[in-house]
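Report on the following structure.
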2 protein chains.
Amino acid sequence: MSSDLTKIPLSESEMPRTWYNIQPDLPRPVPPPYHPGTLQPLTPPDLMPLFPVALLQQEMSPERYIEIPEEVFDIYRLWRPTPLVRARRLEKALDTPAHIYYKYEGASPVGSHKPNTAVAQAYYNKLEGTRRLATETGAGQWGSALAMAGRLMGLDVTVYMVKVSYQQKPYRRLLMESYGATVYASPSEVTEAGRKVLAATPNSTGSLGIAISEAVEDAVKHEDTKYSLGSVLNHVLLHQTVIGEECIAQLAKADEYPDIVIGCCGGGSNLGGIANPFLRDKLTGRKPNLRVIAVEPAACPTLTKGKYLYDLGDSVGLGPMVKMYTLGHSFVPEGIHAGGLRYHGDSPIISLLYDEGLIEAVAYHQNPVFAAAAQFIATEGLLPAPESAHAIKAAMDEAIKCRESGEKKVILFNLSGHGHFDLTAYDAYFQGKLVDTEYSSADVEAALAGLPQPAGV
Amino acid sequence: MSSDLTKIPLSESEMPRTWYNIQPDLPRPVPPPYHPGTLQPLTPPDLMPLFPVALLQQEMSPERYIEIPEEVFDIYRLWRPTPLVRARRLEKALDTPAHIYYKYEGASPVGSHKPNTAVAQAYYNKLEGTRRLATETGAGQWGSALAMAGRLMGLDVTVYMVKVSYQQKPYRRLLMESYGATVYASPSEVTEAGRKVLAATPNSTGSLGIAISEAVEDAVKHEDTKYSLGSVLNHVLLHQTVIGEECIAQLAKADEYPDIVIGCCGGGSNLGGIANPFLRDKLTGRKPNLRVIAVEPAACPTLTKGKYLYDLGDSVGLGPMVKMYTLGHSFVPEGIHAGGLRYHGDSPIISLLYDEGLIEAVAYHQNPVFAAAAQFIATEGLLPAPESAHAIKAAMDEAIKCRESGEKKVILFNLSGHGHFDLTAYDAYFQGKLVDTEYSSADVEAALAGLPQPAGV
């Protein structure tokens, strides 16, 4: 039985003090990263130019729970716990018996869930003497989060921002700069990787893969600099589980447990962040029927049309190869507005869960996604990031199914960010100028043909 | 003794269910509005073309408490209670024994405190059959709030936006349009008032006074349309007291009571909203030493350099004359970036409190205000609206005085909005391009010379 609350409270003393590491509960181990040149497994020392030891340990930790350091918690509690809201007005508009809850990660100072891992990464880097962090950003959410975390922890931050976003979202760049970060449009002239792309395609609008190559090169070439990634990696999903752990505590107060957990999926961190603590119950047999849905754009359908292979995380091959669903590392998506969902690959953990049939995936075109966002705005008042609007669309579709079946399901989704920096995309939608693109299976086959795979995996 | 909490929680069941009307507790009545043509007192029927009866009743209500309607509360609780945060990291950076708390009204869907009254105004208008609301907006905060409230309540909204903000803040306009509002740059060609200004000064960048004239004219000329004001009026301050009432409940949980309450002051609604419930304790003798500080820009120093006279609320004279601190209704401030603090007048309630010596006022130049904001960003992570940064500057100055005196004061300020739409202003500041202007007492004398006053007041 649910309470009559709309916004479910959680006091600071009830906030989770540990992150949940799903790895020991998975049906099989996450395949290890491989060296792109030798096709041999990578060991922690291989990755030490890029990451501090603490994060590499977390990357392959066998521990189910890792304590949130006091200094990280002190920053979390500036905006955490984030609100969990029952979308009563949306339920009414949809005339559904379902209960729809959203976790509002847009409540962070930069308007997204990204600081959950940015603060943790900056902390561990600082502990180990890193002076500067280099990173890439798509929509700018991650770059803003790392810029803020660097500012709060006293580290310099350099951001390579995908050029199409750099041009479409000047405010995101200014936000990063307000936190003291240095921002380059990627591909840039600053790195060899960038110069190489510009030589081949001078008008390149960039991609996350290219920007990652630039940031990795920057970190490798500078002794005092390490690399920081905002999604995909196991330690990133680990830090994001603070979202799902809070949801569990909040839903318990409303006497609810979700039947369906939904997140948009670019690299997988906001999905993993909200879903993994619930998947713990599925993996350990307590909630065998729990459904988790990853939502992606039809223009970048990594799970729904990609293949589960070893591929490069970046476009040039400076970083490791990981086993993941991928559209091919040379994939450059159309300039759709959900910049955070344009990555060619996916989190190895999410990929494994999907390959095992433990989670589902669905892909939507952007016009129906914005239509769902418009209905959410009109009922709940909040203007979501286009990325998060993918999760809204899926939640609404499930709620409409409940109307038809009469089932009173509990649907939880991650409203991973607000859309205050995405208003040009809304403008394009309302003016009927959004173009829907789709990526085909044949394109994927062609992109992945002949991709060398490590032996015996 | 304070607890060790950073973010003070408040559950939905503890949320205030009434607004606090300060009028019966004031040492003398708020002077009534007068007709600008006849110089006779206005009666409610005179104002009925502009406002619904319920709001006119609230405007001069003798009741201390007015119940928050269920439908308004249902929308409030989408984002309320807003966080009350102890700025521990700022305290540490300032090395102050003071306890600094900020109430974060930027947590609303449009990023400011403005929806507290917008939702209430839309509700009462809907009850009385209004189909459309016309309003003005400076920085765009108010326009966004009313656009959202109209959307949620099913009313159309037309916004006259001060041209300098319309040009500087395209995202604010797009936000209003995303909520379905129609937005005109003011002065516009849509109204006689606008056309008159454009004829005289074709390059006018506008002012709140001009925009108010346009919105009032629009409401008067259309039967189904009423006017809505985002600040200044008594009923607006009334609705905003939900802020201060929440603060009282939250601070009680931390076993604290403020020595100083601070708010930036444009029209006075965010200051009155946070301060009036505390002033209740001062006016009734329970907290005689409580200090309240209104903070304004040196470029628009209404309280610190204006005069307490009857003046027009708008620039043309369509609306009533009210007794308030004013710089003269023809005042057009320099294009400083804190657009929400550019109004020539002030709330009659705030003006009376100031005239009675019950509250203090201070004016700052914008460069030191942005410097304070930068320190806040670097410690607390949150990027404030330039308006709110004025309150931050005053809170920091008071905290620094405590460092010097050793006093352990409790300082509370209203962080009325986030600055995600104000990044061009931050950019100008960080690039050293912000110009500081100041308005002199001689300018005020000249502007107010010969202003006709009602007889015997």
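Here is the naming used below: chain letters follow the sequence lines, and residue numbers restart at 1 for every chain. These numbers come from the heavy atoms of this one structure, side chains and all, not from hydrogens, waters or symmetry mates.
Of the listed residues (A:Arg80, A:Arg172, A:Glu177), the greatest number of heavy-atom pairs within a distance under 4.5 Å of chain B belongs to A:Arg80.
With a 4.5 angstrom heavy-atom cutoff, A:Ser108 does not touch chain B via any of its atoms. For chain A, the nearby part of B:Phe430 is the side chain; its heavy atoms alone come within less than 4.5 Å. If you measure heavy-atom distances from B:Phe421 to chain A, the contacts under 4.5 Å come from both the backbone and the side chain. Using a 4.5 Å cut-off between heavy atoms, B:Thr379 contacts chain A through its backbone alone, with no side-chain atom that close.
Remark: the backbone N or O of B:Pro9 is not paired with any side-chain donor or acceptor of A:Glu12 at under 3.5 angstrom. No donor-acceptor pair under 3.5 Å is formed between the side chain of B:Tyr104 and the backbone N or O of A:Trp79. For A:Arg89 (side chain) and B:Leu152 (main-chain N/O), a donor-acceptor pair under 3.5 Å exists by modelled atom type. In this structure, the side chain of B:Lys7 engages the main chain of A:Pro81 through a donor-acceptor pair within 3.5 Å. The main-chain N or O of A:Pro109 is found under 3.5 Å from a side-chain atom of B:His420 such that the two form a donor-acceptor pair. Counting only distance, with no hydrogens or angles, the side chain of A:Glu380 and the backbone of B:Leu78 share no donor-acceptor pair below 3.5 Å. Here the side chain of B:Tyr179 pairs a donor or acceptor atom with the backbone of A:Gly381 at under 3.5 angstrom.
Separation of atoms CZ (B:Arg88) and CG (A:Asp74) is listed at 8.0 Å; rounding is to 0.5 Å. With values rounded to the nearest 0.5 angstrom, A:Met15 atom CE is found 9.0 Å from B:Thr6 atom OG1. Rounding to the nearest 0.5 angstrom, the gap separating the CG atom in B:Leu174 from the CG atom in A:Leu383 is 10.0 Å. Separation of atoms CZ (A:Arg173) and CG (B:Leu423) is listed at 10.0 Å; rounding is to 0.5 Å.
Looking at B:Tyr426 and A:Leu175, their side chains never come closer than 4.5 Å, going by heavy atoms from C-beta outward.
Ring orientation note: the planes of B:His418 and A:His418 are close to parallel, at an angle under 30° on the 30°/60° scale.
Among all heavy-atom pairs drawn from B:Ile377 and A:Ser178, the shortest one is CG2-O, 4.2 Å.
Environment of OH in A:Tyr184: sparse, with no more than 12 heavy atoms of neighbouring residues, nucleotides or ligands closer than 6.0 Å.
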